[in-house]
Amino acid sequence: MRAHDSATAPTPIAVNGRPEAAGAPADPLPGSSAARRAGTLQAALGVTAFSLTFPATAWGLEGFGPWSLVAVRSVLAAVIAGGCLLALRVPLPARHHWAGLAVVAAGVVVGFPLLTTLALQTSTTSHAAVVVGLLPLTTALCSALRMGTRPSRTFWAAALAGAAAVLAFTVQQSGGALTSADAYLFGALLVCAAGYTEGGRLARVMPGWQVIGWALVLCLPLTVPAAALALSYEPVRLTAHSVTGLLWVAAGSQFLGLVVWYRGMAAIGIPKASQLQLAQPLLTLVWSVLLLGEQLTPAAPLTAAAVLVCIAVTQRARG
């Protein structure tokens, strides 16, 4: 997620020797205030889409087994992405981009959905939100290691404070006890941070929707047989909740959310975009109340205020 944070928004580049691939909308001038505002809005839309992932997954698990849900969601998302790539006649990425796309695929197409879905079999959505609460900090660390970015001390202090506030809140919500699902959650945290970092880097040299689109397509040789196998072993019960949950995690979380998220990261820089995600656990808790009937404690608004302060500081701090 980073390459010198104050993002030089994506410049048209060659993909297989051609200018920026077809279908990419014109962006505001790189580095302009309009570009930064647009990037912040896109990243925020991505966070909103991601905040619905855990409640939608819980709905999906009402009618699908965990392996079926993950495999089918990936296949459906790949069909949507592949259709867009074909319709717009987007050329294949250059060969040297495929390794990065494989990292994105392993992290955000397969690893994170699978591990969090397995965790949600025994964990509540509020407890699972600890992953998202720690993800901005983990992403910032991963990006610093991968791309050599050096955010300011103020940035790191605010990021650590925000992560600590979210972690304390989510652990308190779960009663302070760690469960067997935590191994899945922390594994998901690591693979997703790597996928976000590589995806943010690639989104600076190709449109963000193509980054996740090609990553999804790259997984089809794995996800199609996995879906067929899982559906043959796990029972399926189609209900309004299970179908809605499946469709959202496929179209909203797995494709559309990542499209705007990667574009936002490319425009405002990986460190700052990642800190917007500090709000995601709190949004997830709101959706959990509205959609799943879970209950919040009075600590929620206090934590929300603390997180919003941290986000404001990270957005103003130089990266």
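These figures come from a predicted structure and were not determined experimentally. The first residue in the sequence is number 1, and the count goes up from there.
- Aromatic ring centroids of Trp287 and Phe54 lie 6.0 Å or more apart.
- Interatomic distance, Arg37 CZ to Gln42 CD, rounded to the nearest 0.5 Å: 13.0 Å.
- How far CZ of Arg204 is from CE of Met265: 10.5 Å, rounded to the nearest 0.5 Å.
- In this view, Val110 and Cys219, Leu222 satisfy the side chain to side chain contact (heavy atoms under 4.5 Å, CB included) rule, not counting sequence neighbours.
- Sorted by first and then second residue, the ring pair (Phe, Tyr, Trp, His ring centres under 6.0 Å) pairs with a member in residues 224-247 read Trp59-His241; sequence neighbours excluded.
- Applying the side-chain hydrogen bond (donor to acceptor under 3.5 Å, both in side chains) definition to pairs two or more places apart or across chains, none involves residues 104-119.
- Interatomic distance, OH of Tyr184 versus CG of Leu120, reported as 12.0 Å (0.5 Å rounding).
- Among residues two or more places apart in sequence or in another chain, the side-chain hydrogen bond (donor to acceptor under 3.5 Å, both in side chains) test is passed with Ser288 by Thr125.
- Partners of Thr239 by side-chain hydrogen bond (donor to acceptor under 3.5 Å, both in side chains), not counting sequence neighbours, listed by chain and number: Ser242.
- Here Ser123 pairs with nothing under the side-chain hydrogen bond (donor to acceptor under 3.5 Å, both in side chains) rule; sequence neighbours left out.
- A distance-only check finds no donor-acceptor pair linking the side chain of Arg263 to the backbone of Trp209 [under 3.5 Å].
- Contacts classified as side-chain hydrogen bond (donor to acceptor under 3.5 Å, both in side chains) and involving residues 67-82 (residues at least two apart or in different chains) are given here: Ser68-Glu234, Arg73-Gln254.
- Going from atom OG1 of Thr139 over to atom CG of Leu190 covers 10.0 Å, rounded to the nearest 0.5 Å.
- Looking only at side-chain heavy atoms (C-beta outward), Thr53 and Thr284 stay at 4.5 Å or farther from each other.
- Counting heavy atoms from C-beta outward, Leu135 and Gln280 have side chains that stay 4.5 Å or more apart.
- Legend: residues meeting side chain to side chain contact (heavy atoms under 4.5 Å, CB included) with Leu45, ordered by chain and number and at least two apart, are Leu41, Val260.
- Of all heavy-atom pairs between Phe255 and Ala81, the closest is CE1-CB, 3.5 Å.
- Inter-residue side-chain proximity for Leu101 and Pro93 is flagged as met; some heavy-atom pair is nearer than 4.5 Å.
- The closest side-chain heavy-atom distance from Phe169 to Leu302 is not below 4.5 Å.
- Ring geometry for Trp261 versus Phe50: interplanar angle over 60°, hence perpendicular rather than tilted (30 to 60°).
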### Query
Could you walk me through whether Leu76 and Ile80 pass the side chain to side chain contact (heavy atoms under 4.5 Å, CB included) check?
CA-CA 6 Å; Leu76 291 178; Ile80 297 171; 5.5 Å; no
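- Looking at heavy atoms from C-beta onward, Thr124 lies out of side-chain contact with Leu292 at the 4.5 angstrom threshold.
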### Query
After noting the C-alpha distance and the side-chain angles of Val109 and Ile212, does the key distance pass the side chain to side chain contact (heavy atoms under 4.5 Å, CB included) rule?
CA-CA 8 Å; Val109 176; Ile212 185 58; 3.9 Å; yes
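- Side-chain contact check for Val104 versus Tyr196: every heavy-atom pair is 4.5 Å or farther apart.
- Remark: Leu86 pairs with no residue by the side chain to side chain contact (heavy atoms under 4.5 Å, CB included) rule, at least two apart or across chains.
- Minimum heavy-atom separation, Leu276 to Ala44: CD1-N, 4.2 Å.
- By the 4.5 Å heavy-atom criterion applied to side chains, Leu218 and Trp98 are counted as neighbours.
- Rounding to the nearest 0.5 Å places CE of Met206 at 9.5 Å from CH2 of Trp214.
- With sequence neighbours excluded, the residues forming a side chain to side chain contact (heavy atoms under 4.5 Å, CB included) with Ala227 are Ala71, Val72, Val75, listed by chain and number.
- The structure places OG1 of Thr57 at 12.0 Å from CH2 of Trp248, a figure rounded to the nearest 0.5 Å.
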